[in-house]
Each structure stands twice: as C-alpha cells, then as structure tokens.
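In what follows, a structure is listed as structure tokens, so that the remarks can point back to it.
One-based numbering along the sequence shown. For the numbers below, each heavy atom of this structure counts, side chains included, while hydrogens, waters and symmetry mates do not.
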Amino acid sequence: MNKVKVHSLFSDFDIELFKSGKHYRLYEKLGSHLMTVDGVEGTYFAVWAPSAKKVSVIGNFNYWIEGEHQLNVRWDESGIWEGFIPGVKQGDIYKYKILSHNNDIKTEKADPFAKRCEHPPKTASVVWKLDKKWKDGTWMQNRKSKNSIKSPFSVYEVHLGSWKKIVEEDRSLSFLELAEDLVKHVKSLNFTHVEFMPIMEYPYDPSWGYQITGYFAPTSRFGYPEEFMSLVEKFHQNDIGVILDWVPSHFPEDAHGLGFFDGTHLYEHPHRNKGYHPDWKSLIFNYGRNEVKAFLISNALFWLDKYHVDGLRVDAVASMLYLDYSREEGEWEPNIYGGNEYLEAVSFIKEFNEEVYKNYPDVQTIAEESTSYPKVSKPTFLGGLGFGMKWMMGWMNDTLEYFSKEPIYRKHHHNELTFSLNYAFTENFMLPLSHDEVVYGKRSLVNKMPGDQWQKFANLRLLFGYMFTHPGTNLIFQGAEFGQYDEWNFQKSLDWHLLENNLNQGILELVKKLNSVYQSESALYDQQFIPEGFQWIDYNDAENSVLSFIRKDKDEHKLIVVCNFTPVPRENYRIGIEGVKSIKLLLNSDDKIYGGTGYYKNSNPKIETVEHHAKNTSVNLDLPPLGFLIFKAV
C-alpha cells in the first residue's frame with residue numbers, strides 16, 4: 001500500500017518554465033522539502049525521471065523497501081515524480097529507486113537536489129532544511145565595491161582537506177575550525193578573496209572535488225551545511241569575499257550519481273563523442289537539453305542565494321567550448337556550420353552568465369579557459385561569453401617557463417616575459433599560480449627556481465612582485481605564500497613548521513606587503529584591465545634581463561616598477577621618467593625582512609635632468625640581485 005499523499009509545489013507556470021529550460025530556482029521545487037500538509041508533518045519529494053515506469057523513495061524510515069513509498073508521476077509530461085510522505089523528518093536518509101521503461105533497468109540514485117549528503121563512502125541523501133540567520137549584512141550591502149573589476153582582487157586558493165590537519169587525530173579541520181584558523185590566516189595576509197576548490201559533495205578524494213555527485217550539498221567531510229555557511233559568514237565579517245570552484249563541465253559515473261539516472265542518458269549527452277570525457281573518464285552534461293540547463297543554472301544561483309557566495313570560478317571551460325577537445329580525428333562531429341565549436345555549450349555558458357549577473361550584479365564569474373577563444377570576459381550583448389574575468393594561462397605558462405631557466409640564459413628569452421603585454425588587455429585577466437602548477441611532478445613554485453636556496457627564494461619573491469605589478473588580478477595557491485618546498489599533496493597538511501625559517505617567513509611577509517600595496521595604491525587596480533593603466537619604460541633590456549614600467553590610475557597617479565631577473569646587482573642603473581618631481585620607495589624585495597641582502601636600499605633616489613629612454617629626466621637606481629623595486633611618483 002502506497003503511503004504517499006498527493007501534493008505538489010509546482011504551478012503550471014513552473015512546469016512551463018522547467019520544460020523550456022528557464023526555471024532557475026529548481027532547488028525550491030525539486031528535491032526533499034520538510035513541510036506540514038493537512039496538519040501532518042513530513043517531507044515532500046520531487047525528482048525528474050521522465051523515462052521511469054515507477055519511482056520509490058527508499059530510506060531508513062521504510063527499511064529501504066522498494067514500493068513502500070511510491071511517488072506519483074505528473075500528468076503534464078514534465079517527467080517529474082512527486083509526493084508527500086508523512087513522518088519523514090530532518091536527518092532521515094534516502095535514495096530514489098527507479099524502474100525504467102528502458103528494458104526495466106533499475107537504478108538507485110541519490111537525490112540530485114539534496115542539500116546534505118552522507119559522509120563518503122556512504123552515498124545516500126539526507127533530508128535537510130537549511131536554517132541560518134545570517135550576520136553578514138554589512139558585507140552584502142557593500143560587496144559591489146569589493147567585487148568590482150575596478151577594485152583590488154587578490155585571491156588565496158584553498159583545498160580545505162589539506163590546508164591544515166590535526167596530525168594527532170589524523171583529520172582535516174572542520175568548517176568551524178577553518179572559520180577560526182583559515183580566516184585569520186587569509187586576513188593576516190591581506191588577501192581580498194578566498195577561493196575554495198570544489199566543496200560540493202564528491203565521492204573520491206583524489207578527484208580533489210572535481211567529480212561531483214551532490215551539486216547542492218557542501219561536502220559532509222567537514223561538517224553540516226550551516227557550518228559551511230558560518231565559514232562564509234566569518235570571511236564576510238572580516239571583509240573577505242568567497243569564491244567557489246564550480247564544475248558544470250563533467251560529472252562522474254558513480255552508480256548513485258547523475259549518470260544513467262532513470263535508466264537512460266538523462267543528464268549526460270547520449271552520444272559518446274559529446275557525452276563522455278576521455279581525459280577524466282567522466283560524463284559530459286547535455287547542454288542542449290532544456291531541463292539540464294535549468295538544473296545547472298539553478299545550481300549556480302543556489303550557491304549565490306543560499307550561501308551568500310561572492311563568485312564562481314568555472315572549471316574547464318575550454319573542454320565545454322570545443323567538440324574536438326582532447327579528441328582525435330574521427331572521435332568528434334562538426335557542428336551544423338562545419339566548425340568545432342560546441343554551439344549548445346556556448347549558448348548555455350552565455351545564459352548562465354546572463355542569469356548570474358541579472359540576479360546578482362555584485363558577484364563575479366571567472367573562467368578557467370586555456371585557449372584563445374575570443375571575448376570570454378566580454379558581455380554577451382557584445383558577442384562575448386559574459387564572464388567577469390578569465391584566467392591568464394598564457395602568462396602563467398610563459399612566466400614559469402622563464403623563471404625555470406638559469407639566469408645566464410634569460411637574456412635569450414626576454415620576450416617570454418614581455419609577450420603577455422601584447423594581449424593583456426584583450427580580456428579581464430586574472431593571473432593564476434594555482435594548484436595545477438604544483439602537482440604531478442611539476443614541483444612547488446620555489447623548487448621550480450634555479451640556483452642555491454637563497455636564489456630560489458629571491459626568484460620566488462621576484463615572481464610574486466612581477467605578478468602583483470603586472471596588469472590584472474591575482475591568485476596564489478595555498479603553500480606558495482610561504483615557499484612550501486614539497487609539491488602539493490591532497491592527503492597531507494601544508495608544512496607550517498617551515499615558517500620557523502627566515503626565508504620562508506620572508507616570503508610570507510612579502511605576500512602580506514604586496515597585498516597591502518596592491519590595495520592601497522589605485523595605480524595597480526583602477527585601470528588593471530585597460531591599456532591606459534600601463535606604460536613601458538624599457539622592455540628591451542634583454543642584455544641585463546631588466547624590465548621597467550609604469551602603472552597608473554585614471555588620475556595619473558603613478559607607480560614605477562623595476563625588476564632585475566639576474567643575481568647580478570645593477571648599480572647606477574638609469575631609467576628615464578618625466579612629469580615626476582620625486583619618487584618614494586614603497587617596496588624593495590631585497591629588504592632583510594623578506595629574506596634579502598638589505599644592501600641595495602634606494603632610500604632617496606634623485607630625479608636628474610639627464611636624458612634617457614627618450615625622456616628629459618631620469619633617475620639612477622641600484623637594482624638588487626633577483627629583486628624588484630616599486631616606487632611611488634610624487
């Protein structure tokens with residue numbers, strides 16, 4: 001006997017929106033919802049399974065017996081099964097048992113809209129009502145200025161499981177512990193934002209969270225959903241924005257996940273050349289299916305709505321844009337125009353960005369896109385994809401390649417540093433030194449550098465100085481801020497004991513100071529995405545491996561930056577500058593507090609009427625070895 005009451009949260013208009021792919025708040029309708037119906041407390045369930053013959057809710061409340069609580073299919077051909085089950089309460093665990101019209105295949109699935117999941121390796125969903133009284137009103141009212149592309153945007157990227165561990169208990173910190181330790185650390189380093197590698201529920205630790213099965217649930221590894229909310233809130237109370245990695249590009253084949261959901265290819269594209277990712281051995285969403293688009297866009301808005309998140313960094317955008325991504329000839333089919341663009345995915349990305357910015361104009365979306373696809377960070381009304389920013393992968397590859405070379409050879413590769421300025425203003429670029437650069441044998445940042453230990457650290461200081469003064473916003477992965485020696489290992493804590501060493505502590509102090517200068521000097525952020533904010537002094541001194549340039553804001557306030565990419569000090573090094581009466585040293589990476597020599601102070605440089613670099617006035621500087629100088633023009 002079916003103990004399910006007929007009940008629905010869907011209006012006819014909801015169904016119309018859902019079928020047309022325009023329902024962007026599906027989390028308010030689908031999934032499990034605690035409620036009272038006719039005076040009886042219980043839970044309403046709704047799931048999309050259009051190829052199902054029968055759908056039962058199985059759980060701890062019915063001993064996991066199929067057929068005890070069979071949902072009712074709607075009459076409107078939406079494919080939604082729903083019903084109210086009395087007595088099912090907060091914390092009860094459940095799945096959907098689905099009998100398919102396709103050869104009577106049976107599947108047993110977690111709820112795609114579950115707001116909480118069991119702790120892996122368990123795979124059931126948990127009935128949960130989000131209950132949080134937020135105390136971040138000041139941040140939410142003012143975050144438009146904090147998130148603007150004309151504001152400083154410096155990001156600390158974190159993998160929550162490996163940032164810090166309690167060794168004695170062999171465990172990671174909880175959300176609540178992170179709300180103390182991680183917030184304090186990010187605040188002390190003056191970062192404006194933190195970015196979490198995926199925190200949505202995932203079954204397999206080595207995927208780092210990029211293989212998601214619970215798109216609407218923060219992973220149970222670190223605590224309850226409300227405790228993750230408290231972590232976000234604590235960052236906001238400390239004036240720090242929160243960005244989430246979001247993965248609409250693929251999902252795993254785990255039996256309880258979205259794959260083959262109702263015995264058919266429901267969420268994934270049915271054709272292997274569009275529906276399977278050979279690199280990650282995972283499934284690809286069917287971007288041409290309206291209901292799937294609505295699922296994904298609803299998910300994006302869910303985190304912005306319910307969790308007060310300030311931005312989404314979208315993973316693997318290139319894999320979505322191209323039909324031939326990571327495929328050999330014969331493994332893909334051209335689009336209707338004969339090209340390799342995945343037109344439905346392009347359309348989905350544009351729609352996602354339009355809806356995000358329409359509903360939350362004070363957040364940012366950031367594309368991890370590794371190709372030269374045009375206008376990624378331009379508005380859709382100008383023919384762009386609509387992202388707020390794009391990772392500058394070319395800068396990252398060229399710069400790390402340059403820094404890995406022995407300084408004696410760098411003069412032959414000078415253009416690897418200067419080339420990025422040829423295209424720096426074609427997009428709103430974020431400069432990333434992310435987790436991807438310190439795994440799989442690539443070595444940590446400090447160990448990519450040539451030379452003895454002092455030179456390795458001087459090179460790392462120089463890399464950060466060049467990065468923070470280059471046009472664009474910045475991202476640094478955990479551990480780099482103090483010169484972690486070892487590659488990142490998701491199973492291990494960062495080596496916090498290294499901060500007992502002067503050189504490691506020096507990197508930390510430098511990152512702190514760079515963030516402070518970046519935020520206090522509008523010349524570094526006011527025009528960070530437009531060519532008016534940058535001017536070369538000399539990009540041509542390959543022989544000495546020195547770069548010099550100016551950063552300026554719209555009011556012509558200027559900073560002068562000089563970088564010496566060799567361990568040879570350049571004393572009496574002259575640069576031409578005009579329209580400046582004097583310059584004041586803001587930052588010298590060679591100061592002892594950062595681990596430098598402390599010799600090349602440049603404390604009182606004089607502007608002289610000596611022609612240089614086609615300028616009538618110039619200044620003589622002493623460039624420290626593997627160092628950079630930032631001066632403020634008066």
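Using a distance-only test at 3.5 Å, with no hydrogens or angles considered, a donor-acceptor pair links the side chain of Asn62 to the main chain of Trp64.
Below 30°, between 30° and 60°, or above 60°: for Tyr94 and Tyr96 the angle between ring planes is above 60°, a perpendicular geometry.
Within 6.0 Å of NZ on Lys442 lie more than 12 heavy atoms contributed by other residues, nucleotides or ligands. No more than 12 heavy atoms of other residues, nucleotides or ligands sit less than 6.0 Å from atom NZ of Lys54. Around the OH atom of Tyr224, the shell of radius 6.0 Å holds no more than 12 heavy atoms that belong to other residues, nucleotides or ligands. The environment of Lys19 atom NZ is dense: over 12 non-hydrogen atoms of other residues, nucleotides or ligands sit within 6.0 angstrom. Counting heavy-atom neighbours within 6.0 Å of Glu253 CD, excluding the residue itself, gives a total above 12.
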Show the atom names and distances, to 0.1 Å, of all donor-acceptor pairs under 3.5 Å that link a side chain in residues 310-318 to residues at least two apart or in another chain.
unit_1	atom_1	unit_2	atom_2	d
Asp310	OD1	Trp139	NE1	2.9
Asp310	OD1	Arg143	NH1	2.7
Asp310	OD1	His236	NE2	3.4
Asp310	OD2	His236	NE2	2.6
Asp310	OD2	Val242	N	2.7
Arg313	NH1	Asp245	OD2	3.3
Arg313	NH1	Asp315	OD1	3.0

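Aromatic ring centres of Phe191 and Phe235 lie farther apart than the 6.0 Å criterion allows. Between Phe429 and Trp391, the ring centre distance reaches or exceeds 6.0 Å. Ring centroids of Phe285 and His250 are separated by 6.0 Å or more, keeping the two rings apart. Ring-centre distance between Trp246 and Phe352: below the 6.0 Å cut-off.
Cation-pi contact between Arg289 and Phe348: absent, since separation from the ring centre below 6.0 Å together with deviation from the ring axis within 45° is not met.
With Phe295 as reference, Tyr267 is the one residue of Tyr24, Phe302, Tyr267, Tyr287 to meet the ring pair (Phe, Tyr, Trp, His ring centres under 6.0 Å) rule. When each of Trp280, Trp488, Tyr202 is tested with Trp208 by the rule ring pair (Phe, Tyr, Trp, His ring centres under 6.0 Å), just one qualifies, namely Trp488. Just one of Phe490, Trp163, Tyr440, Tyr210 meets the ring pair (Phe, Tyr, Trp, His ring centres under 6.0 Å) condition when paired with His435; it is Tyr210.
Taking the salt bridge (Lys or Arg N to Asp or Glu O under 4.0 Å) definition, one finds that Glu108 meets it with Lys97, sequence neighbours left out.
The pair Lys89-Glu41 fails the salt-bridge criterion, with no side-chain N (NZ, NE, NH1 or NH2) lying under 4.0 Å from an Asp/Glu carboxylate O.
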